[in-house]
Protein chains: 2
Amino acid sequence: MFTIKEASEKLNCAAHTIRFYDKEGLLPNIRRDDHGNRMFEKRDLDWIRLMTCFRATGMSVADLKQIVDLALQGDETIGQRRAILEAHQEEIKRKQRVLDEAFEAVSQKLEVYNNIEKGNPEERFLTYIDKLDSPQ
Amino acid sequence: MFTIKEASEKLNCAAHTIRFYDKEGLLPNIRRDDHGNRMFEKRDLDWIRLMTCFRATGMSVADLKQIVDLALQGDETIGQRRAILEAHQEEIKRKQRVLDEAFEAVSQKLEVYNNIEKGNPEERFLTYIDKLDSPQ
DNA sequence: ATAAGCATTAAACTGAACTTTAAGTCAAAT
DNA sequence: ATTTGACTTAAAGTTCAGTTTAATGCTTAT
């Protein structure tokens, strides 16, 4: 069992944020000690860690809340939960494509800078006006 | 030359947003017709497209603004611009790693659902309490 | 000539996800 | 005994990147 401070340190996640998640209903069944302080078990930390991973890739708190609500209803909601996760997986793939394109665009831009610094005039036609460059 | 409406349609970007970028100083030297309406050239659209690509991967408007301001100062600022873009490229790589991890976590979670639905009791130990699952 | 449809500006508003503040309780340490 | 530091709650504030609104003006079609 961990205090909120310990949880916060282990997860590298502000205690305020953990309380916020609790208030939003993302942490059902968190136990309290006899002073009303939250006590976290390992499985609570695992769940917060997983939520942090989902959040970091764009899943909304509302979607997390829906997963929790469905999970609380039992195994007959697994189909709906699977649908949410599969949609998120598609969203992750889309984001990966966006990142790949951006990486390529930045690389091209850096090439433009290289050519300008080398004073390579053949390549300066790539520049936007004579200052702001745009790729091809 | 394009009106803001044409630019908006070509870029799939709200006219309001383009005006907002202009107001923020992200579109220097945009021309106006004799009624004060903005006129966009192809190179303006290219620059907005590139900014959209950067924005979509998390570059802040403030960073874009800095790139523009540096570009307006001339080629002697290319080193600073390169540093911003290289930092952004690192940030893109970091995001790619986060996405890869999340994809893996979602896949594991979907596996857990599969095992529960198959009624595979050996695998139920993976679940969080008996409702909220956490990976490994 | 008047309505529709485009443009302009400044400023207020929105939503999401925290973050901070305020006001308070409790227990251990000095 | 009182300070320190951790916890509690509710509520207000923050940030970012637009978005919406309001007030206005020009041009073209009816």
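Chain letters run A, B, ... following the sequence lines, proteins first, then strands; residues in each count from 1.
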Between [atom2] of [N] and [atom1] of [X], the distance in whole Å:
{"X": "B:Ile18", "N": "C:dT8", "atom1": "CD1", "atom2": "P", "result": "10 Å"}
{"X": "B:Asp22", "N": "C:dA10", "atom1": "CG", "atom2": "C1'", "result": "14 Å"}
{"X": "A:Ile30", "N": "D:dC7", "atom1": "CD1", "atom2": "P", "result": "14 Å"}
{"X": "A:Asp34", "N": "C:dA27", "atom1": "CG", "atom2": "C1'", "result": "12 Å"}
{"X": "B:Met51", "N": "D:dG18", "atom1": "CE", "atom2": "P", "result": "10 Å"}
{"X": "A:Lys5", "N": "D:dT8", "atom1": "NZ", "atom2": "C1'", "result": "16 Å"}
{"X": "A:Phe40", "N": "D:dC7", "atom1": "CZ", "atom2": "P", "result": "9 Å"}
{"X": "A:Asp63", "N": "C:dA17", "atom1": "CG", "atom2": "P", "result": "9 Å"}

Note: A:Leu99 and B:Ile92 closest approach over all heavy atoms is O-CG2, 3.8 Å
Within the structure, does a side-chain N or O atom of [X] lie under 4.0 Å from either OP1 or OP2 of [N]?
{"X": "B:Arg55", "N": "D:dG18", "value": "yes"}
{"X": "B:Tyr21", "N": "D:dG18", "value": "yes"}
{"X": "B:Arg38", "N": "C:dC6", "value": "no"}
{"X": "A:Thr17", "N": "C:dT19", "value": "yes"}

Query - Salt-bridge present (A:Asp46, A:Arg49; N to O < 4.0 Å) - result: yes
So, B:Arg97 and B:Glu101, do they make that salt bridge, N to O below 4.0 Å? no
Taking the minimum atom-to-atom distance to the side chain of [X], which one of [options] wins?
{"X": "A:Ile4", "options": "D:dT21, C:dT8, D:dT8", "answer": "D:dT8"}
{"X": "B:Val61", "options": "C:dT8, C:dA7, D:dA17", "answer": "D:dA17"}
{"X": "B:Asn37", "options": "D:dA17, C:dT8, D:dT19", "answer": "C:dT8"}
{"X": "A:His35", "options": "D:dG18, D:dT8, C:dA27", "answer": "C:dA27"}
{"X": "B:Phe20", "options": "D:dT19, D:dT27, C:dT19", "answer": "D:dT19"}

For a quick check of understanding: with a heavy-atom distance under 4.0 Å over all strands, which category does A:Lys23 fall into, base, sugar-phosphate or nothing? nothing
- Message: Under 4.0 Å, heavy atoms only, any strand: does B:Arg19 hit a base, just the sugar-phosphate, or nothing?
- Response: base
Residue set satisfying side-chain hydrogen bond (donor to acceptor under 3.5 Å, both in side chains) with A:Arg19, at least two apart, ordered chain then number -> none
Residues pairing under ring-ring contact (aromatic ring centres under 6.0 Å, His included) where one sits in residues 51-90 of chain B, two or more places apart or in two chains, turn out to be B:Phe54-B:His88
